[in-house]
Each structure stands twice: as structure tokens, then as C-alpha cells.
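Presented below is the structure to which this report refers.
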Amino acid sequence: MFNKMRKTKEKDVPVTKEEVLRHPMPNHVAIIMDGNGRWAKKRALPRAAGHYEGMQVVRKITRFANELGIQILSLYAFSTENWKRPKSEVDYLMKLPEQFLTTFLPELVAENVKVQVIGHTEALPDHTRRAVEKAVEETSGNTGLVLNFALNYGSRAEITAAVKQIAKDVERGMLAPEDITEPLISSYLMTSGLADPDLLIRTSGEIRLSNFMLWQLAYTELWFTDVLWPDFTEQHFLEAIAAYQRRDRRFGGVSAR
Ligand code: FPP
């Protein structure tokens, strides 16, 4: 009965920004932004319309995360598997970072956001890579939110590349096998220098990781919602953070509560 009442109360009373700010904030939030296609289909629009709307949500959530004092926001924008989509959709998705950064770069600079990217960017079309490089360069001195785009990113490819590089460094005598520790492996990943995510959000009702940050998510709190990414609001983001704040993170140990 008690649990039922609590649940009802949690559901009925929307969490506020002020409430969330009173508790420890996740340092790093990662998001698998899913459901753009279904959002468009429901409206009989082309899939590109869903991606365009998704881009507007990227802007909104970036601003809000920065306002909340979150330090790192990682966004899965294009996976190594997304090349399998029809060429016209891939072409459109490759235009989005450029469009986003051209439109919002001045805003990101003014808001002290630092843009970073993980993924095999060398395989991106020139125009996409150049836009991203420009944003990374122009925001490199910023000290606010780190906006980390995963573009042509796949976790297994990332781990494979790290293992190869470690093997080469052992072969060259720069590393001994005994030097291979968990922090060392982390330092060979594309996220080197970034703390692991505290909270992962996935939208659109899919309950899987889809090759995103498999090593880095080992102890991350996971939060799934049926909301499609283009419908995702600041209020949903607050709900995810509030859920995170109610969790008891034990990292394999015992409760500190
Ligand atoms: C998944 O939805 C979404 C993507 C593959 C692309 C994500 C990209 C954005 C949200 C915009 C990116 C913005 C910037 C600034 C780079 P889906 O197409 O798989 O949706 P579906 O599962 O409903 O078909």
C-alpha cells in the first residue's frame, strides 16, 4: 500500500528543476536518441523530418544540461551500423552536424560549451568532418558543458582499435603486459580523459545498448523511456535525473545509505 501511494505521488507530481538541483547531479549523462523515424511516420512525414526535429531537441537538451551544471553530455548521433540505412537518409544525417553547428555554434561559444567528438571521423564526408573540426577548435578553450558527439561510433570497433594499439605498444617495448590495467585500457579508448557516464538515457522504448560505450557503461545507471526523441522535453530530462538521484549506486559494494 505504502509503495503504491509513493508511486502515485511520484507520477502525479512533476519533478521540478529546483528539486533536482538540491541533490547530487550526474556528472556525465549519455543519451541514445532514438525514435526520430517513428515520430515522422506517425505524422506521415519523411524520416528526415524526424531527424530535423531531433536536432532541435539536441539544442534544447544541451542548453538545459548546461544550465543544470552537468559536466558532460554524450549524444549517440550516428553509429557505425547506421551506414546500412538508405543513402538518402545517410546523406541527410551527414548534413545534420553541419547544419546544427553552423546554426548554433555562436550560441555554444557564448554558453561556454566545449564540443568534442568520438568515433571514426576520418570516414565521414569532408563537409561533415570539417564542420565538426571547426566546432571542436572554436570551443576548445571553453570550460562549461562538454558536448560529446558520437559520430560514426561503435563500441566494439573502439575496443578492437584500443586492443590493437596496446598490442603494438607492447610489441615496440613501450608497454609491458603487466602495465595493462583497467585505467590503461580506458586511456586507449576514444573517451580517454572523460569520466564514465553516470546516467544513460535511451528514448523510444528500445531496451538495448546498440553498441554504445560498452566498456564505459559498466556501472552506469540506465533509464529507458517510451518517449520518442523528437518529443523529449526538459521535463523528461528532469525525470531521468530524479530517477538517477533515487538510485543506490553500490558499484558492486554495499549500500552507503
Ligand atoms: C535514431 O532514430 C536516431 C538517429 C540514428 C540519428 C540521431 C540524430 C539526431 C537526433 C540528430 C542529430 C543532431 C546532431 C546535431 C548531430 P531512428 O531513425 O532510428 O528512429 P526509428 O527507430 O524510429 O526509426
Side-chain angles (χ1 to χ4, degrees), residues 29-66 72-109 111 113-121 123-125 127-136 138-139 145-155 200-213 224-234 236-237 240:
V29 178
I31 309 184
I32 302 178
M33 310 177 288
D34 199 3
N36 295 348
R38 276 162 283 167
W39 183 93
K41 196 171 177 198
K42 267 168 64 180
R43 291 163 178 76
L45 293 169
R47 292 177 60 82
H51 295 314
Y52 179 82
E53 212 51 41
M55 179 177 77
Q56 307 303 324
V57 178
V58 168
R59 178 195 186 196
K60 188 169 69 183
I61 296 301
T62 300
R63 290 177 107 174
F64 194 51
N66 200 17
I72 308 163
L73 180 67
S74 289
L75 301 177
Y76 204 8
F78 193 88
S79 77
T80 44
E81 288 73 34
N82 286 153
W83 296 107
K84 293 180 204 148
R85 295 187 176 209
K87 186 180 179 306
S88 57
E89 184 172 349
V90 169
D91 287 349
Y92 187 75
L93 283 168
M94 285 299 142
K95 280 191 194 129
L96 279 183
E98 201 176 344
Q99 201 177 341
F100 176 81
L101 293 165
T102 311
T103 317
F104 302 124
L105 190 55
E107 193 175 299
L108 297 174
V109 171
E111 289 171 2
V113 172
K114 183 179 166 128
V115 177
Q116 287 196 9
V117 64
I118 55 170
H120 289 282
T121 50
L124 296 174
H127 62 96
T128 315
R129 207 188 53 249
R130 272 199 303 269
V132 173
E133 280 168 0
K134 180 171 180 272
V136 170
E138 289 191 19
T139 61
L145 174 82
V146 171
L147 177 58
N148 179 38
F149 282 112
L151 270 176
N152 195 22
Y153 173 85
S155 192
L200 172 89
I201 297 171
R202 182 171 188 151
T203 58
S204 90
E206 309 293 351
I207 319 280
R208 56 177 172 267
L209 298 179
S210 300
N211 204 15
F212 189 47
M213 291 196 181
F224 299 98
T225 175
D226 288 341
V227 173
L228 305 176
W229 177 249
D231 290 328
F232 194 79
T233 62
E234 286 99 336
H236 296 122
F237 196 60

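Remember, it's 1-based here, ligands and their atoms both numbered in the order they're listed. Since the structure is predicted, the reported quantities are computational estimates derived from the model, not experimental observations. All values below come from the heavy atoms of this structure, side chains included, with hydrogens, waters and symmetry mates left out.
Nearest protein heavy-atom contact of atom 9 (C) of ligand 1 is N36 ND2, 3.6 Å. Among protein heavy atoms, atom 22 (O) of ligand 1 sits closest to R38 NH2, 2.9 Å. With respect to atom 3 (C) of ligand 1, the closest heavy atom belonging to the protein is M33 O, 3.2 Å. Closest protein heavy atom to atom 14 (C) of ligand 1: F149 CE2, 4.2 Å. Among all protein heavy atoms, the one lying closest to atom 13 (C) of ligand 1 is V58 CG2, 3.9 Å.
Listed for the N152 side chain is a donor-acceptor partner under 3.5 Å among the backbone atoms of H120. Distance alone, capped at 3.5 Å, is enough to place a donor-acceptor pair between the T203 side chain and the D34 backbone. No side-chain donor-acceptor contact under 3.5 Å links R202 to the backbone of I207. Side-chain atoms of N211 come within 3.5 Å of backbone atoms of S155 as a donor-acceptor pair (strictly under, hydrogens ignored).
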Exercise. Given T62 and F104, is the side-chain contact (heavy atoms from CB on, under 4.5 Å) satisfied, shown in steps?
Worked result: CA-CA 11 Å; T62 300; F104 302 124; over 6 Å; no
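The N82 neighbourhood of ligand 1 comprises atoms 5 (C), with distances under 4.0 Å to a heavy atom of that residue. Under a 4.0 Å criterion applied to the non-hydrogen atoms of A77, ligand 1 contributes the atoms 6 (C), 7 (C), 8 (C), 16 (C). Each of the atoms 17 (P), 18 (O), 20 (O), 21 (P), 23 (O), 24 (O) of ligand 1 lies under 4.0 Å from some heavy atom of G37. Heavy-atom proximity to W229, at under 4.0 Å, picks out these atoms of ligand 1: 10 (C). Remark: ligand 1 atoms within the under-4.0 Å shell around heavy atoms of F100 are 15 (C). Under a 4.0 Å criterion applied to the non-hydrogen atoms of L96, ligand 1 contributes the atoms 11 (C). Close approach of ligand 1 to L93 is summarised as follows: ligand atoms under 4.0 Å from at least one heavy atom of the residue are 6 (C).
Close N/O approach between Y76 and ligand 1 is not found [any backbone or side-chain N/O within under 3.5 Å].
Annotation: salt bridge (Lys or Arg N to Asp or Glu O under 4.0 Å) contacts involving residues 50-66, sequence neighbours excluded, comprise R59-E107, R63-E107, R63-E111.
With a 4.0 Å cut-off on non-hydrogen atoms, R85 touches ligand 1 through its side chain and not its backbone. Proximity of R47 to ligand 1, defined as any heavy-atom pair under 4.0 Å, is confined to the side chain (atoms from C-beta onward).
Ring pair Y76/F212 is parallel by interplanar angle, where below 30° counts as parallel and above 60° as perpendicular.
D91 has no carboxylate O lying under 4.0 Å from a charged side-chain N of K95, or vice versa, which leaves the two without a salt bridge.
Using a non-hydrogen distance threshold of 4.0 Å, G35 registers as a contact of ligand 1.
Looking at residues two or more places apart in sequence or on another chain, you find a salt bridge (charged side-chain N to carboxylate O under 4.0 Å, His left out) between R47 and E89.
For the side-chain contact (heavy atoms from CB on, under 4.5 Å) test with W39, the passing option among K41, K42, R43 is R43; the others fail.
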